[in-house]
Asker: 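The structure that follows is given in the form of structure tokens.
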Amino acid sequence: MVWPKTTARDAAGQLVIGGVPVPRLAAEYGTPLYIYDEATIRAQCAAYREALVRHYPGRSRVVYAGKAYVSVGLLRLLNEEELWLDVVSGGELQFALAAGFPPARIVFHGNNKSEDELRLALAAGIGAVVVDNHYELDLLERVTAEAQRELDVLVRVNPGVDAHTHAYRRTGQVDSKFGFLIDNGDAQRAVGRILAMPALKLRGYHAHIGSQVFELEPFVQAVERLFAFGREMAARFGVVPEEISPGGGLAIPYVSEDPQPDIDALVRVVAEKVRRAADAAGFPLPRLGLEPGRSIVGPAGVAVYRVGAIKEIPGIRRYVSVDGGMADNIRPALYGARYEAALANRDGPADAVVTIAGKYCESGDILVYDARLPEPRPGDLVAIPAAGAYCLPMASNYNLAMRPAVVLVREGQARLIQRRERIEDLLRREVELER
Ligand SMILES: *Cc1c(COP(=O)(O)O)cnc(C)c1O
């Protein structure tokens, strides 16, 4: 199912999400508009939490990867759902702190954290830093000494696992900018260095193999590598991991033909592997950390656009241009992501095949090639599902586009959680205007 779980059509054929007709939202908040269905977000959170309860007897945590989409409204909701948060920049960290997200439940990732970012993380009292490289250890040594504080760390290893996903979304193969390589001794040296720094408390090992991963086997392999590494470290240094985290990356369906990855199945196979591997290693059951981003918010989001110009190139293609595009969703242009679409203001047989084009000045600014829709007309509303992850966070002001408004819908109520960007927001940075 590529649409949010509350999606329906009313008697007039209008698309309804969270009990609210989409045309009403478009009229009130304008387009492009991003709609998030609260019930779907909460259901995805519950699916992870409940699967862990079902399949894993040890401690566990679900850490939401904020880079998939953050807003204050979403963070408050995820806090209620008792998720943890992973941030990858000082910006995301400050945003989370401003939203009142508990710092102790924040984990900091990234392959080039700056000294200032680490200082900020330490001062905020965040839960843990996932260390990526030796340079970062140099910085951590300095900032913890300066602040006279201790810090929990996990070591991110590169497990050498191929996640079978797009090259830009693969992170766990040997040739990657992320994590300490095990094979060349880097990861082992990192553990040795951390153990020699009294301010750093080594909590365990982390790997993240990539994103939009459909197969479960690579996650199992990642856990296997983490434990193999854990056993080596136990033999060499006498340290036992308190936490094992195979990261995030579970895929979501974008088009109806995509398989429907099963959160429960992922958690079951990973939990089983962790239990067996801990048993074989003679380790107490570690805390199991999971880090979903896309699979929490992706299925909950729908992008809504208004149709403008329609251009027929006889025998070749019909371009239906909408009032958004790559400035709010660069995924099709960046990695050939596929989507499907529907009309939101009326229903009917999907007997037209059209290309939904963005309005920005790049030929690659196409949202959907060969979408099947009822014959579109100017003024119609086009809705694109599975737009909840990695669209808005990658949104730009290309062509000085204003970033879209975001509404959260639930049981017939809509709540604006991010207003549309205004020209004043952009002009505010122009220092020359003040002179
Ligand atoms: C991106 C990322 C995630 C989340 O990946 P999804 O595919 O959105 O689930 C988790 N952990 C780390 C370290 C990441 O970089």
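Any value given below was found using the heavy atoms of this structure, including those in side chains, with hydrogens, waters and symmetry copies removed. Just so you know, ligand 1 is whichever comes first in the structure, and atom 1 is the first atom listed for that ligand.
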Asker: Given that the side chain starts at C-beta and the backbone is N, CA, C, O, which of these parts of Phe178 lies under 4.0 Å from ligand 1, counting heavy atoms, or is it both or neither?
Answerer: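 Within the 4.0 Å criterion, Phe178 makes no contact with ligand 1.
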Asker: Within a distance under 4.0 Å of any heavy atom of Gly293, pick out the atoms of ligand 1 and give their elements.
Answerer: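 Per the distance check, 4 (C), 6 (P), 8 (O), 9 (O).
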Asker: Can you find a pair of side-chain heavy atoms, one from Tyr48 and one from Leu266, that are under 4.5 Å apart?
Answerer: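 In short, these two side chains touch, coming nearer than 4.5 Å.
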Asker: My understanding is that we take every heavy atom of each candidate and find the minimum distance to atom 14 (C) of ligand 1. Doing that for Lys67, Arg294, Arg156, His206, which one comes out nearest?
Answerer: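 The nearest heavy atom belongs to Lys67.
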Asker: Between the side chains of Arg203 and Asp152, is the shortest nitrogen-to-carboxylate-oxygen separation below 4.0 Å, so that they form an ion pair?
Answerer: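 Yes.
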Asker: Test of understanding: with salt bridge (Lys or Arg N to Asp or Glu O under 4.0 Å), list the residues that count as partners of Asp425, not counting sequence neighbours.
Answerer: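 With neighbours one apart ignored, the set is Arg419, Arg428.
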Asker: What protein heavy atom sits nearest atom 8 (O) of ligand 1, and how far away is it?
Answerer: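 Ranking protein heavy atoms by distance from atom 8 (O) of ligand 1, first comes Tyr390 OH, 2.5 Å.
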Asker: Applying a heavy-atom cut-off of 4.0 Å, say which part of Ala65 lies close to ligand 1: side chain, backbone, both or neither.
Answerer: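 Side chain only; the backbone of Ala65 stays clear of ligand 1.
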Asker: Which protein heavy atom lies closest to atom 5 (O) of ligand 1, and at what distance to 0.1 Å?
Answerer: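 So the nearest neighbour among protein heavy atoms is His208 CE1, 3.5 Å.
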Asker: Between Glu115 and Arg119, does any side-chain N to carboxylate O distance fall below 4.0 Å?
Answerer: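 Result for this pair is yes, salt bridge flagged.
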Asker: Does any N/O atom on Gly249 come nearer than 3.5 Å to any N/O atom on ligand 1?
Answerer: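 By distance alone, the answer is yes.
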Asker: Among all protein heavy atoms, pick the one closest to atom 7 (O) of ligand 1 and tell me residue, atom and distance.
Answerer: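 Answer for atom 7 (O) of ligand 1: Ser211 OG, 2.2 Å.
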Asker: Considering only heavy atoms, does Val88 approach ligand 1 within less than 4.0 Å through its side chain, its backbone, both, or neither?
Answerer: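 Under 4.0 Å from ligand 1, Val88 contributes no heavy atoms.
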Asker: For ligand 1, indicate whether the residue Glu291 contacts it via side chain, backbone, both or neither (heavy-atom separation under 4.0 Å).
Answerer: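 Both backbone and side chain.
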Asker: Less than 4.0 angstrom from a charged side-chain N to a carboxylate O is my criterion; do Arg49 and Glu81 meet it?
Answerer: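 Salt bridge flag = yes for Glu81 with Arg49.
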Asker: I need the atoms of ligand 1 closer than 4.0 Å to a non-hydrogen atom of Pro292, numbered in the order shown.
Answerer: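 Atoms satisfying the 4.0 Å criterion: 9 (O).
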Asker: Taking everything shown except Arg338 itself, do over 12 heavy atoms lie less than 6.0 Å from its CZ?
Answerer: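 Atom CZ in Arg338 is not packed in, count stays at 12 or less.
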Asker: Do Tyr390 and Tyr69 make the cut of ring centroids closer than 6.0 angstrom?
Answerer: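 Not close enough - the centres of the two rings lie 6.0 Å or further apart.
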Asker: Between the side chains of Glu242 and Arg287, is the shortest nitrogen-to-carboxylate-oxygen separation below 4.0 Å, so that they form an ion pair?
Answerer: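 Salt bridge between Arg287 and Glu242, a charged N being under 4.0 Å from a carboxylate O: no.
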